[in-house]
Amino acid sequence: MPFLSDVFGRLGRVARGTANQGVDALEDATFETTVKQTVADMKTELNKVIQASAVALSNYNRLDAEYQKYVRQSQEWKDRAGQALDAGNEDLARKALAKKAECDQQVASMKTAVDTAQQTSDKLKQQVIELKRKIEEGERTATTLVARKNAASAQRKVAEAMSGVGNADNAFSALNRFEESVSREEATAKAFDQLSSAGKDDDLEAQFASLGAHSVDSELEALKKERQKPTLPKELPAPGASS
């Protein structure tokens, strides 16, 4: 159903977002430890290469020692053959040269193995040198990264404090939330006040209020008239009286 598919899709996004946020928080909390562990892993790899290089070097040393032995023996049998010839003993010289031939055969058969072992050993030595260089560089980089991370984190916290956002335990953020809460309460109260007065005709109320004021004024004027004393007419003079 499309509705359920949309719901599960949104829930999946929420779950992934929450998981990513948790991983980010964990990485932030363990950044320095993780960086140091990375360098430690590099050193572990270096130790493995050193061990492999040691085995290869040992194999080369063993083969080379064996190879050099046959080289020396070949030269020794050649020298002996020369001594036999000098003594006039060709048969003995021939036997010495036969031994020399056996040694030469061993030298020839071992030459390829010795060369391969030497190349492998030299290559591993170079890798050890390169890994050591990278680890030294990695240690310097790790120190720099930790310092930059700490500085960035401190700068972010200051910025969050100044803007009143960020962590829930941020005092500035809490104060902003209090202010927002009061503003919402004020807005709600104003809305209820507006609703309570809805439907009233303000003009009509004003007209009735003015009528009431006019009636009071009228009554006041009437009362003033009632309380006025009547004015008696003056007596007329008697006929024939002098003025």
- Would you name the heavy atoms of Ser53 and Val128 that are closest together and state the gap between them? CB-CG2, 4.3 Å

- Rounded to the nearest 0.5 Å, the NZ atom of Lys123 sits from the OG atom of Ser121 at a distance of 12.5 Å

- Query: Does Glu139 pair with Lys43 as a salt bridge, N-O distance under 4.0 Å?
  - Reply: yes

- Query: Is there a chain of hydrophobic side chains (I, L, V, M, F, W, Y, each step under 4.5 Å between heavy atoms) that links Val49 to Ile135?
  - Reply: yes

- Message: Can you confirm whether more than 12 heavy atoms, excluding those of Gln37, are under 6.0 Å from its CD atom?
- Response: yes

- Indicate if Leu97 and Leu85 have the same hydrophobic cluster label, given that clusters are the connected sets of ILVMFWY residues with side-chain heavy-atom separations under 4.5 angstrom. no

- Going through the distances and angles, do Asn89 and Asp91 end up as a side-chain contact (heavy atoms from CB on, under 4.5 Å)? CA-CA 6 Å; Asn89 192 341; Asp91 185 57; 3.8 Å; yes

- Message: Closer than 4.0 angstrom, basic N to acidic O: yes or no for Glu66 and Arg62?
- Response: no

- Message: Salt bridge or not between Arg133 and Glu130? Use side-chain N to carboxylate O under 4.0 Å.
- Response: yes

- Task: Search all heavy atoms of Thr120 against all heavy atoms of Ala56 and return the closest pair with its distance.
- Result: CG2-CB, 4.2 Å

- Main-chain N/O of Thr34 paired with Thr38 side-chain donor or acceptor, under 3.5 Å: yes

Only distances under 3.5 Å count here; give the side-chain donor-acceptor pairs of residues 72-84 to other protein atoms, sequence neighbours excluded, each with its distance to 0.1 Å.
unit_1, atom_1, unit_2, atom_2, d
Ser74, OG, Asp104, OD1, 2.4
Gln75, NE2, Asp79, OD1, 3.1

- Tyr60 with Leu124, same ILVMFWY side-chain cluster at under 4.5 Å: no

- Message: For the NZ atom of Lys36 and the CZ atom of Phe31, what is their distance to the nearest 0.5 Å?
- Response: 11.5 Å

- Short question: side chain of Thr144, backbone of Arg140 - any donor-acceptor pair under 3.5 Å? yes

- Could you give me the CA-CA distance, side-chain angles and deciding distance for Arg184 and Ser181, then say whether side-chain contact (heavy atoms from CB on, under 4.5 Å) is met? CA-CA 5 Å; Arg184 286 195 299 270; Ser181 177; 3.8 Å; yes

- Item | Salt-bridge criterion met for Glu45 and Lys48 (N-O under 4.0 Å) | yes

- Query: Honestly curious: do Leu46 and Met42 fall in one hydrophobic cluster under the side-chain, below-4.5 Å linking rule?
  - Reply: yes

- Query: Are the side chain of Asn61 and the backbone of Leu57 linked by a donor-acceptor contact shorter than 3.5 Å?
  - Reply: yes

- Ignoring hydrogens and angles, tell me if any N or O in the side chain of Ser58 forms a donor-acceptor pair with the backbone of Ala54 under 3.5 Å. no

